[in-house]
Amino acid sequence: MKTKNEKAIRTMCYAKRTVCCFLFCVLLLLTAFGAKASFACAAERMSLRVGYTSMENFLARDGEGHYSGIAYEYLEGLASYIGAELEYLPGFQQQNEERLQNGSIDMFIEPDHSFEWLMQGKPFYTDPAVLLQNTAGFQRVMLGEGVGVLCLNENAGALTDRMRSGLTEMTKINPFYRLSLEKKYYQNQTLPLMLTEEERAYLQQKKVLYAMASPGQPPYTWFDGIIHRGVVADIMRQIEKDLDIRIQVLPETDQGSMMEHLAAGDIDLVTDFFTDYNWARAHNADITFPYLSLSYVPVTRRDRTLPDHPTVACPRSHYYVRDYIEKHYLPGQLRYYNTIEDCLDAVERGKADLTMVKSITLQDYIYQNGFYNLYTSGNVLFSHQVSMAVSYQADPLLVRILNKEIAHLDQQKIKSIISREVYQSQNRETLRSLIYRNPVGTVIFLSVIFATVLLVLLFWMRMRRRHNQELYRQAHVIEDIGMYNLRWFRRELPRALAQYQEDREAGRLFLMVLSAQHISFLKEIYHAGSFRESIMNLIRKVRAENDWLLIDAMTSDLFSLIVLCRRPDGMSMKQAAAKVAHDARICVFNGTPTSVRYHIGLCAIPPKGDIHTDTWVDNAFSAHNETMANRQPVGVYDYAMQNSILRQKQMESLMEKALAKGEFKVYLQAKYNIDAQSVCAAESLVRWASPELGFLMPGQFIGLFEHNGFIVQLDYYMLEQVCQYQKNRLEHGQITVPISVNQSGMHIKEENYLERMQAIADKYHLPSGLIDLELTETAFIDFSTQDARRDASRIVTSLKKMGYRLSMDDFCTGYSSIAMLQNLPMDVMKIDRSMLLAAETSPRALTILRHVVELGHSLDMRVLVEGIETRPQELLLLGIDCHYGQGFLFAKPMPADEFSEFLEHHTTEGRILP
Ligand code: C2E
Ligand code: CA
Ligand code: CA
């Protein structure tokens, strides 16, 4: 079937022929005009018809009419030497022979079957006589192994001679032409792996080959930890697969020691060995056929021109140094290093001018080590081939097997291994190489990163500052009133002292702690918000009027204020404190001006010496506590106070022991009927007979025990002592009168107060009314809200149910005595001594006292006045219809036994008084 292409070729031939005719005419004309003879050659170019049997790689025509194959190229080459144009006619051998005989072709070409046979494992063909079965009538021109044989008619002697001489001429000019064609057409052919029985048996028994490979030359050959990688490794893997064995490549870091192992026969082979028999012998090894070819390029520095006599860096133990470098450079020019990297490093640092590196490894060296100043012209200086070296100790069969395997290796595959490894090594890019390759991108990227980090950092710092400010505020400011707290004051004080150093040296600085008396009460009766506002307004006002109040802070319970003060001219510390108390005496609560009194504690700051701010602050608070305990307006922390504080500490350390050892004694003071001058009841009063501290009155320790809570234990102790006293008397049939015990306000706050009181009542089983509890109104003051009052009355009612009698102690000293009465069904009203003293001198006070007595009576209470020391006082009381009293005039407090006796003689009343 005629294809389009055939038509096109024919059209082309026609065109050619037309051109030829035209040229022929021109030639004739030129000859006619005596033109040069050389033009005649074109006319002599003969056309020869060549028969062939189509075979790939030999001679074949593709669909587009193009010919290829070793025979085609060789024939065309030859044709150019004999000045002929060849026309190819396909046909089988038989046809070709017939055509030659009948003259329709001038010659035909027969393939040399040597390669074909080699592929099939047949022995290589040597005898040309066997080439043609039928030799009669033909002449043969041997074109050479692998190309073929040209057959011509035996009559065409002239043509045969011309062909032969052409062949001789061509071979003379280029003896390697045939070899180059062989390489071109047959190199990529893989030979079958033909192993003998013996060889197979050897592999069967051997299974593992121990090998070593050159280290550190990625992507050629290198170690990834203990794993051998690179082109050589990949080829070894292919060999393993083909031979069905394992090549155990032992990790090696040094080329020199690898060579020593090979020479010593420690290993079977070295995977990559310079193909040189002398080098191999020097290491007691055979080498295989080469399986790889490597080219070397020069490496210099980018910023330096190569001097005339360059210094060359050479890696020790590498054969190319001996084979090439040492032959081309004088010994004085050479510098030896352990590794190729060291050589490159030497060039990079300018210690050497030049080194030589395998072209495939160079890029990797540059990227992995950051040798960006290195440069290669790319000129290949020399190449060498790579074989495997097999130790003399190994079976000679091994070299043979490996040679067969190398011949069997697919060269195409090896090429793709190389390009794949080189490509992968480019992917093994380091950060440095990435930056090197993208300088602009890197600068932009880094700028963006830097800017982002900077922004984040600024934002973070801002947030942190805010957070810290907030934390500082939370830690140092009392939210409700917007004032600094004590922590802040302690922190700030050293700085403030430094600021007012001169005043300190002049002895003018002091600390003042002040609190409003009855502050808890004020806090309760006013709404929290308006209370705080009132206090703040007051503080602002006082601050404004006294510029010598330097810095101040409030305790978190809003109970006391601490101020660093500078003593004003002409005033003592106490006077300055009194001025503050005076300036702050009126506080406006809810629009109502209310008079407020203060407890003020003072502590002078020593003009010299070390700074002990914490101690001074503590001392100011101690002074304040003392003034509160002593119910004084102002107290200065001084030597006496220091002693008293020490004494209090001592008391605290002894109190538990004292209670256990019965050092607290019950003293009893009679309450009496003024008219009859007879005992009607008694009050128990505690005394502390301490071996360490002496005989102490309640005033010396009750305040402290109320402060530290020990009073609760002491009161129960007193109560039980009195109960026991009463019980004894009852059991002995002695006269009994109600005895009161003092109950601190702390009890009311106790959680299980009523349970404990019930337990005591149950324990002693005393007749109702024999025990009286004296409570002051202040005990209930914290309960002055509606709920608390209900709670107070519940407590009072419960106690009465248990059989206790109740007395309202110190009546008329507090604020709300009268208000309390309506809610608390108390039995006895004990009017404080101060009222009696006032009534003695003031008619108005007397009137009040009379009305209070009346009020008590009207509420069905027994009314008693405390502290009667004179007969006129007794008469005064009788005058206002008060018939009960207590005082030194009738009886002083006395030990319980004494009281028992006293009672025997001073009572006319019944056993148990109502
Ligand atoms: P109080 O309950 O008002 O006790 C009466 C105080 O007045 C007693 O002082 C008593 O000795 C004293 N007194 C009696 N008659 C006269 C007098 O004619 N003139 C003067 N100037 N004073 C007189 P004392 O014993 O020193 O007790 C002081 C305070 O200690 C008591 O005041 C009471 O509040 C407290 N107290 C005493 N013992 C106890 C106790 O066991 N428990 C509790 N919680 N407090 C107690
Ligand atoms: Ca009392
Ligand atoms: Ca009293």
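Both counts, for ligands and for their atoms, begin at 1 and track the order of listing.
- The Gly887 neighbourhood of ligand 1 comprises atoms 15 (N), 18 (O), with distances under 4.0 Å to a heavy atom of that residue.
- Environment of CD in Glu755: crowded, with over 12 heavy atoms of neighbouring residues, nucleotides or ligands closer than 6.0 Å.
- From the protein, the heavy atom lying nearest to atom 27 (O) of ligand 1 is Pro698 CG, 3.5 Å.
- Some N or O of Phe888 is nearer than 3.5 Å to an N or O of ligand 1, by distance alone.
- Within 6.0 Å of CD in Glu533 there are 12 or fewer heavy atoms belonging to other residues, nucleotides or ligands.
- Side chains of Ser744 and Asp715: a donor-acceptor N/O pair is absent below 3.5 angstrom, by distance only.
- Relative to the six-membered ring of Tyr716, Arg756 meets both conditions, a distance below 6.0 Å and an angle of at most 45° to the axis.
- A donor-acceptor distance shorter than 3.5 angstrom exists from the side chain of Arg833 to the backbone of Gly867, with no hydrogens or angles considered.
- One finds a salt bridge joining Arg490 and Asp614 here, because a Lys/Arg side-chain nitrogen approaches an Asp/Glu carboxylate oxygen to under 4.0 Å.
- Every atom of ligand 1 with a heavy atom of Ile868 under 4.0 Å away is listed here by number and element: 18 (O).
- For atom 32 (O) of ligand 1, no protein non-hydrogen atom is found at a distance below 4.0 Å.
- Separation of the Phe695 and Trp688 ring centroids does not fall under the 6.0 Å cut-off.
- Atom numbering of ligand 1 starts at 1 in the shown order; those under 4.0 Å from a heavy atom of Asp810 are 3 (O).
- Assignment of Gly699 to the shell around ligand 1 is not supported, since no heavy atom sits closer than 4.0 Å.
- Checking side-chain atoms of Asn485 against main-chain N and O of Trp488 turns up a donor-acceptor pair under 3.5 Å.
- No part of Val741 comes within 4.0 Å of ligand 1, judged by heavy-atom distances.
- Assignment of Lys892 to the shell around ligand 1 is not supported, since no heavy atom sits closer than 4.0 Å.
- Comparing Glu869, Lys830, Lys671, Glu683 by heavy-atom distance to atom 20 (C) of ligand 1, the nearest is Glu869.
- Within Glu683, the N/O/S atom positioned nearest the Ca ion (ligand 2) carries the name OE2.
- With a cut-off of 3.0 Å, the protein N/O/S atoms near the Ca ion (ligand 3) add up to 4.
- Annotation: atom 45 (N) of ligand 1 to nearest protein heavy atom, Asn742 CB, 3.5 Å.
- Under the 6.0 Å cut-off for aromatic ring centres, Phe902 and Phe890 qualify, their centroids lying closer than that.
- Here Glu479 does not pair with Arg532 in a salt bridge; the nearest charged N to carboxylate O distance is not below 4.0 Å.
- Taking atom 38 (N) of ligand 1 as the reference point, the nearest protein heavy-atom neighbour is Val686 N, 3.1 Å.
- Each of Asp809, Val853, Leu864 was compared with Ile831 under the side chain to side chain contact (heavy atoms under 4.5 Å, CB included) criterion, and only Val853 meets it.
- Near Met718, with a cut-off below 4.0 Å to any heavy atom, the atoms of ligand 1 are 41 (O).
- Counting atoms of ligand 1 from 1 in the listed order, those under 4.0 Å from a heavy atom of Glu866 are 3 (O), 5 (C).
- Judged as a side-chain contact (heavy atoms from CB on, under 4.5 Å), and not counting sequence neighbours, the contacts of Lys661 are Lys657, Glu663.
- Atom numbering of ligand 1 starts at 1 in the shown order; those under 4.0 Å from a heavy atom of Pro893 are 11 (O).
- Side-chain atoms of His624 never come within 3.5 Å of backbone atoms of Ala620 as a donor-acceptor pair (strictly under, hydrogens ignored).
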Subject >> Test log, rule side chain to side chain donor-acceptor pair (under 3.5 Å), inputs Lys800 and Ser768 >> reply: CA-CA 9 Å; Lys800 284 184 81 164; Ser768 183; over 6 Å; no

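- Atoms of ligand 1 found under 4.0 Å from any heavy atom of Ser744, numbered from 1 in the order shown, are 44 (N).
- In this structure, the protein non-hydrogen atom closest to atom 10 (C) of ligand 1 is Leu685 CD1, 3.8 Å.
- Close N/O approach between Ile711 and ligand 1 is not found [any backbone or side-chain N/O within under 3.5 Å].
- Among all protein heavy atoms, the one lying closest to atom 44 (N) of ligand 1 is Asp715 OD1, 3.2 Å.
- Looking at Asn673, its side chain does come within 3.5 Å of a backbone N or O of Asp675 through a donor-acceptor pair.
- Looking at His747, its side chain never comes within 3.5 Å of a backbone N or O of Gln743 through a donor-acceptor pair.
- Residue Arg871 places its CZ atom among more than 12 non-hydrogen atoms of other residues, nucleotides or ligands, all under 6.0 Å distant.
- Below 4.0 Å from some heavy atom of Asp809 lie the following atoms of ligand 1, by number and element: 2 (O).
- Atom 7 (O) of ligand 1 is never approached by the protein to below 4.0 angstrom, counting heavy atoms only.
- With a heavy-atom cut-off of 4.0 Å, Leu714 does not touch ligand 1 at all.
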**OP:** Could you walk me through whether Phe710 and Met651 pass the side chain to side chain contact (heavy atoms under 4.5 Å, CB included) test, one step at a time?
**Re:** CA-CA 11 Å; Phe710 185 67; Met651 280 193 243; over 6 Å; no

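- Looking at Met697, Arg687, Gln669 and measuring to atom 25 (O) of ligand 1, the nearest heavy atom belongs to Arg687.
- In summary, Ser807 places no N/O/S atom under 3.0 Å from the Ca ion (ligand 2), failing the contact criterion.
- An N or O contact shorter than 3.5 Å is missing between Gln886 and ligand 1 by distance.
- Under the 3.5 Å distance criterion, the side-chain polar atoms of Lys579 are left unmatched by any main-chain donor or acceptor of Lys574.
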